[in-house]
Amino acid sequence: MTFESPVPDDRLWKPNRKLSQWMEGVVKFIFAAFAFISVITTLGIVLTLIFETFDFFKEVSLWNFLTDTKWTPLFKSAKFGIWVLISATVLTSAIAIIVALPLGLLAAICLSEYATSRVRSLLKPALEILAGVPTVVYGYFALLFVTPLLQLLIPGLQGFNALSAGIVVGISIVPLIASLSEDAIYAVPRSLRDGAYALGATKRETIISVVLPAALSGIVASVILAVSRAIGETMIVALAAGQNPTLGLNPFVPVMTMTAFIVQVSLGDTPAGSLAYRTIFVVGMTLFVITLALNIFSFWFVRRFREKYE
Amino acid sequence: MISDFSDPAQLTNTAVLKAENVNVYYGSNLAVRDVSLDIPRNKVVAFIGPSGCGKSTILRCFNRMNDLIPGARVDGTITFHDRNLYSKALDPVEIRRRIGMVFQKPNPFPKSIYENIAFGARINGYQGDMDELVESSLRKAAIWEEVKDKLKESGLALSGGQQQRLCIARAIAISPEVILMDEPCSALDPISTLRVEELIHELKQQYTIVIVTHNMQQASRVSDLTAFYNAEATEKGNKIGYLVEYDNTQSIFHNPQQQATQDYVSGRFG
C-alpha cells in the first residue's frame, strides 16, 4: 500500500480569500473607531475646558481667582474666589470619606474574611442595591430624612447644610470602597494567611498585621477613587448642601460646592459667551485638575506599593 | 542512632506527637484512613509517597491547619505530649505557637526581613530584646550573614532559597518544639535545597522535625525515620491515602517489609 501526497490544487488555496481579508480590515476599522470614541470625547472635553478657561482668564486675573474670598460671579461687582467653592467641595468630600472609609473597609473585611457564604449572599446584593440607587434619590434622602434627623441632635442646624449632604455622599460611595477593597483583600494569597496562622496568630492578628498591609495599595486606590467620586458628586450636594457660597469649613451652614455651582448656572438663563457662562468651564477645569491629580497620585501609589508575590 | 528505634516500645516512650487511627475527611470524602504513628523527640521524620496519598494532609493535622479548610474533619486521636490536640479545651492558636510550620512555597510576609521575624514573637508577647532574637533566629536558619546588612529591606526581595530560610527563621523565632515542613525544597534550586537540608540537620539538635518530601534522596539524606504512604482509588474515583510502612529510614530504603514500599523506593512507581 502506498500513500500519495495530496495533489497541489490551486482551488484549495483561495476559497473566500479576498472576502475574508476584506472583512478582517472592516472589523479592525470598526473596533478601532469605537476604541477611539472615548479618546476623542476626552480630548474634546479637555480642549473645550482649556479654551473657555483661557478666555475666562483674559478678563479675570489668575491672582484674583486664587486669592479672592468671595464667589459672586452673577453680581454687579463680580468676585471669583475659587477657594469658596473648593472649601465647600473639600468639606463635603471630607465628611463623605470620614463616613465611607470605616463603613466600606469594615464591610469589605467582614465580607472577605468573616462572612459565611450565606451572610455573603445577603450582604453583597444589599451593597449592590446601595450602589444602584440614583443620586437624586440620595439627594432627597439627605434633604428630607437625614437633615431633620440631624436637626433633632444639633439644634439650630440649617435646612441646607454640608454635614447632611456629606454623610449621604459618604453612604453613596460605601459600595465602591467596599467592593474594590474586598477585591484587594481577596487577592492577598492564601499562603500569607497560612503563614501567619502557622505562627500562632489569631484571625484578628492575621487580618490586621498581614492581610490589610498586603492589600494596602488596593485599598488606598479604592479610597482615592471614592474621593474622586465624592468630589464630582453633584445631585446630592446640589439638593442638600445649599446654594450659598461661603468660605470656610463649617459643616452646619449651607455651602455651595463646585458641582452645585455648575448646576445652578447651567439651569439659569446665562447667555452663552458671557463671563458668567465661562465660569462654568473654569470651575469644571478646576474639578478636572483636582480629580486628575488624585488619579495620578493613586496610579503612582499603587505602582510604588504594590507587592508582587510571584 | 538507627538501631535506637528498632524497638517499638522505645519509640513510644519518646513520642512528642502521636496519631492513633486518624481519618481525615474533606466534606463527605474520606481523604486519609486509619493512620497511626509516633513522632519521637529530636528526630527528623520524613513522609514520602505518591501525590494524593495524604502525607501533607496528615502533616497539617499536627498543628490543626486543616481547621482552616472549610469542610475538613479529623477523627481518631492525635496527642501532643499526651494531650489530645483536638479536644475542645485546646485553642488551635496555642497549638500552632508550639508546633511551627514551613510551607511548600516560601511565603514571607510583605514586610521587612526584620519584621518577618519579629511578627511572630510580638504576637506571642515576647518581652526580651527583639534585635537579639532576630539575629539569633536568622543565625540558626543560616541566613544571617546574607541579610545582616539589609534587615530593613522587604523579605520579598530575597531569592527563593533565602526566602525559605527566612521562613524557617520566622518559625524558629517563636521557639516551637516541633517544626512541620511541607515539601520545603520543592520550589528551590539544588544549591538552596542543599543548604536547607544542612539546616535541617542542625535544627534536629533542638527541634523535632516532620518533613513531607517528594524527593526520596532527600528523605534518605535528612531523616531518621520514614513513613511511606500510598493511595488507593475508590469506585467514585477519588483517592484515599493510607500509611503503608513506618520504620527507620535505613530499613525503609534498604530492607522494606512491604512490596509497595520496595516498589516505590526503588522507583518502580510513583
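Hydrogens, waters and symmetry mates are skipped; everything else that's a heavy atom, side chains included, is used. Chain letters run A, B, ... following the sequence lines, proteins first and then strands; every chain starts at 1.
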For this session: Find the one option among Arg98(B), Met65(B), Arg64(B) whose heavy-atom pairs under 4.5 Å with chain A are most numerous.
Result: Met65(B)
Problem set entry | Atom CZ of Arg83(B): over 12 foreign heavy atoms under 6.0 Å | no
Problem set entry | Inter-residue atom distance Lys111(B).NZ - Leu192(A).CG, 0.5 Å rounding | 10.0 Å
For this session: Determine, step by step, whether Phe119(B) and Val210(A) satisfy the side-chain contact (heavy atoms from CB on, under 4.5 Å) criterion, reporting the C-alpha distance in whole Å, the side-chain angles of both residues, the deciding distance to 0.1 Å, and the verdict.
Result: CA-CA 9 Å; Phe119(B) 171 75; Val210(A) 174; 3.7 Å; yes
Problem set entry | Part of Ile174(B) lying under 4.5 Å from any heavy atom of chain A | side chain
Problem set entry | Phe299(A) atom CZ: more than 12 heavy-atom contacts under 6.0 Å | no
Exercise. Taking everything shown except Trp144(B) itself, do over 12 heavy atoms lie less than 6.0 Å from its CH2?
Worked result: yes
Exercise. So with a 6.0 Å cut-off around CG of Leu153(A), is the heavy-atom count from everything else above 12?
Worked result: yes
For this session: Count the heavy-atom pairs under 4.5 Å between each of Asn107(B), Asn63(B), Ile99(B), Asp91(B) and chain A, then report the option with the highest count.
Result: Asn107(B)
Exercise. Between Phe109(B) and Val211(A), does a side-chain contact (heavy atoms from CB on, under 4.5 Å) hold up when you go through it step by step?
Worked result: CA-CA 9 Å; Phe109(B) 302 127; Val211(A) 177; over 6 Å; no
Exercise. Which value, rounded to the nearest 0.5 Å, describes the distance between Ile123(B) atom CD1 and Ile208(A) atom CD1?
Worked result: 12.0 Å
Exercise. Under a 4.5 Å heavy-atom cut-off, does chain B meet the side chain of Arg190(A), its backbone, both or neither?
Worked result: side chain
Problem set entry | Proximal component of Ile95(B), with respect to chain A [non-hydrogen, under 4.5 Å] | neither
Exercise. For the candidates Arg170(B), Arg122(B), Met101(B), which exhibits the highest count of non-hydrogen atom pairs separated by less than 4.5 Å from chain A?
Worked result: Arg170(B)
Problem set entry | More than 12 heavy atoms of other groups within 6.0 Å of Arg120(A) CZ | yes
Problem set entry | Distance in Å, Ser191(A) OG paired with Phe103(B) CZ, rounded so as to fall on 0.5 Å steps | 8.5 Å
For this session: Please determine if Arg96(B) and Asp194(A) form a salt bridge, counting it only when a charged side-chain N lies under 4.0 Å from a carboxylate O.
Result: no
For this session: Could you pull out the closest heavy-atom pair between Asn124(B) and Leu199(A), with the gap in Å?
Result: ND2-O, 3.4 Å
